Asker: 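Pasting in a structure now, in structure tokens, and then I'll have a few things to ask.
All values below were derived from every heavy atom in this structure, side-chain atoms included, with hydrogens, water molecules and symmetry-related copies excluded. Please read these numbers as outputs of a predicted model, since none were measured by experiment.
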Amino acid sequence: MDDSENRGRMRTSSTDQIAMFLALLTMSMGVAIVGPVLDDIRRDFDVSFTELGLIFALPTLARVFFTLPSGYLADRFSARSLTFLGALSAALSGVGMGLAPSFELLLASSMIAGAGSALASTAVLSHALRSGNGASRSKGVGRLMSSYMVGGVAGPVLSGALADSAGWRSAFIVVAVVNLVSAGIAWAFISARRPRGRVHRLGHWYKPSSLGLSKPVLDVVSVSALLWGAAMGFHMIVLPLYGSVGVRLDAASVGLVLAVSTGVRALSIFFSGEIIERVGRVPAFAVCAGAGLVGSILLLLSPSLGAFLLVAAAFSAVLIVGPFTTVLVAERVPAGELGRSMAGMQFLTDTFMLGVPLGLGYLLDASGFGLVGLVFLATYAVIAINGLRVFRNVPGNASGEAVEP
């Protein structure tokens with residue numbers, strides 16, 4: 001192969017990465033814009049904190065329902081097709097939520113984005129894991145997954161500003177337009193190549209082996225589900241409500257703090273491959289678990305602006321090794337089964353996350369932020385103990401190369 005062919009492939013790969021990054025970014029904005037306007041939605045529709053948690057729980061339910069099929073689709077169809085459908089679903093969801101005349105219709109619209117997110121996320125991550133190897137795989141996946149955080153930076157700033165000037169509904173309409181453009185870019189620039197390898201039948205879907213969930217993969221899931229569930233629950237529910245209800249800040253101020261916190265998380269995830277390569281997987285994990293424990297202790301303090309900023313800072317570091325959990329899975333399964341295993345892991349993670357918003361809403365209704373802090377403290381203690389075991393267990397394929405069937 002000559003240099004021009006190599007350069008052509010590199011350009012194609014870079015174009016894929018940019019288009020997939022943009023699609024995940026704009027889809028994540030649809031979730032991130034909700035935080036600063038949660039209290040506005042609660043007052044407009046006169047709902048409780050527990051009911052408010054449904055805004056996050058129901059899209060997660062849709063993800064759970066579509067995640068398993070998305071794994072089989074990701075092993076058969078191109079990343080372009082599934083990413084296009086994901087971004088288009090996010091656009092339709094934004095229009096529905098922005099125009100919803102009732103809380104029930106707002107919830108129904110939110111589920112459309114959850115379904116599309118399952119299709120796109122599994123396809124994008126499976127495509128990236130198949131395309132990379134060794135250290136490049138960790139770096140590539142980390143950079144793609146940082147798109148969620150970048151969208152989380154733009155979303156709160158946008159919704160906070162628009163809520164104060166044009167009402168909370170305007171943010172959903174703007175993000176719908178952005179996702180529509182992103183869908184077009186995905187279709188135009190992401191590779192249309194289909195995955196190569198063995199094609200697996202659906203089989204007995206209820207059996208872990210049929211879902212690509214071997215015992216080594218389940219060990220990773222036991223850490224990944226708690227790690228992502230705790231981090232997302234905190235940033236989607238606890239942090240914005242801590243600022244708006246506990247400290248009584250306005251939507252724009254809450255949005256700014258969310259944006260800065262998410263921006264730091266985005267940088268930590270974007271450079272997660274480099275961080276792990278430099279310090280090692282176990283020390284990097286120890287930083288994540290330690291940050292979660294410190295942040296949980298801070299939640300036990302009486303709500304104040306200082307505590308709000310310290311808690312936001314602590315939880316900004318809890319996902320440094322988040323993307324690496326996908327690499328741990330890729331080290332343990334054949335390349336041709338990555339789609340199924342990734343979908344299986346996401347299915348179990350989303351199933352766990354399904355109860356997180358409702359549970360946090362219930363705890364806030366019942367006892368406030370102190371009890372939430374105790375629950376987070378216990379959760380990160382479990383993450384630390386179990387995670388050290390999993391991250392120390394390096395398989396024979398420690399380089400991160402794809403496992404051969």
Asker: Let me see the working for V282 and L388 under side chain to side chain contact (heavy atoms under 4.5 Å, CB included), right down to the final yes or no.
Answerer: CA-CA 7 Å; V282 174; L388 287 174; 4.0 Å; yes
Asker: For a side chain to side chain contact (heavy atoms under 4.5 Å, CB included) with M232, tell me which candidate from I237, V31, L319, T60 qualifies.
Answerer: L319
Asker: Evaluate T26 against V175 for side chain to side chain contact (heavy atoms under 4.5 Å, CB included), listing each step before the verdict.
Answerer: CA-CA 7 Å; T26 57; V175 170; over 6 Å; no
Asker: Quick one: do V34 and S159 satisfy side chain to side chain contact (heavy atoms under 4.5 Å, CB included)? Show the steps, please.
Answerer: CA-CA 7 Å; V34 177; S159 64; over 6 Å; no
Asker: Between D40 and R43 (salt bridge meaning N to carboxylate O under 4.0 Å), is one present in this structure?
Answerer: yes
Asker: Considering only heavy atoms from C-beta outward, does the side chain of F49 approach that of V245 to under 4.5 Å?
Answerer: yes
Asker: Is there side-chain contact between S244 and L38, with heavy atoms separated by less than 4.5 Å?
Answerer: no
Asker: Do the non-hydrogen side-chain atoms of L144 and Q17 ever get within less than 4.5 Å of each other?
Answerer: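 Side chain of L144 against side chain of Q17, heavy atoms only: contact under 4.5 Å found.
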Asker: Hey, does S70 have a side-chain heavy atom less than 4.5 Å from the side chain of L82?
Answerer: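 The answer is no; the side chains never approach within 4.5 Å.
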Asker: Taking all atoms of both residues into account, what is the closest heavy-atom pair of S253 and L249, and its distance?
Answerer: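 Here S253 and L249 meet closest at CB-CB, 4.1 Å.
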Asker: Roughly how far, to the nearest 0.5 Å, is the CZ atom of F66 from the OG atom of S89?
Answerer: 8.5 Å
Asker: Taking the side chain as C-beta and beyond, is there a heavy-atom pair between F56 and V356 under 4.5 Å?
Answerer: no
Asker: Aromatic rings F285 and F391: how do their planes relate, parallel, tilted or perpendicular, breaks at 30° and 60°?
Answerer: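 Parallel: the ring planes of F285 and F391 meet at under 30°.
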Asker: Relative to the ring of H235, is the ring of F315 parallel (under 30°), tilted (30 to 60°) or perpendicular (over 60°)?
Answerer: perpendicular
Asker: Could you check if a side-chain atom of L301 sits within less than 4.5 angstrom of a side-chain atom of F369, using non-hydrogen atoms only?
Answerer: no
Asker: Which heavy-atom pair separates V329 from M345 by the least distance, and what is that distance?
Answerer: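 Taking V329 first and M345 second, the nearest heavy atoms are CG2-SD, 3.5 Å.
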Asker: Check A23 against S182 and note the closest heavy-atom contact, atom names and distance.
Answerer: CA-OG, 3.1 Å
Asker: Could you check whether the rings of Y380 and F376 sit parallel, tilted or perpendicular, using 30° and 60° as the cut-offs?
Answerer: parallel
Asker: Do you know which two heavy atoms are closest between L88 and A183, and how far apart they sit?
Answerer: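 Heavy-atom minimum between the residues: N-CB, 3.9 Å.
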Asker: Check whether any side-chain heavy atom of F189 sits under 4.5 Å from a side-chain heavy atom of D16, and report yes or no.
Answerer: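 They are not in contact (no side-chain heavy atoms under 4.5 Å apart), so the answer is no.
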Asker: Compare every heavy atom of A79 with every heavy atom of M20, then report the nearest pair and how far apart it is.
Answerer: SD-CB, 4.4 Å
Asker: Considering residues, nucleotides and ligands other than F45, do more than 12 of their heavy atoms fall under 6.0 Å from its CZ?
Answerer: yes
Asker: Find out whether L52 and D39 are in side-chain contact, i.e. whether some heavy atom of one side chain is under 4.5 Å from a heavy atom of the other.
Answerer: no
Asker: Mind listing the closest non-hydrogen atom pair of G387 and V223 along with its distance?
Answerer: CA-CG2, 3.7 Å
Asker: Are more than 12 heavy atoms from other residues, nucleotides or ligands located less than 6.0 Å from atom CZ of F103?
Answerer: yes
Asker: Between N386 and S222, does any side-chain donor sit less than 3.5 Å from a side-chain acceptor?
Answerer: yes
Asker: Run the side chain to side chain contact (heavy atoms under 4.5 Å, CB included) check on V287 and V321 step by step: do they pass?
Answerer: CA-CA 9 Å; V287 171; V321 297; over 6 Å; no
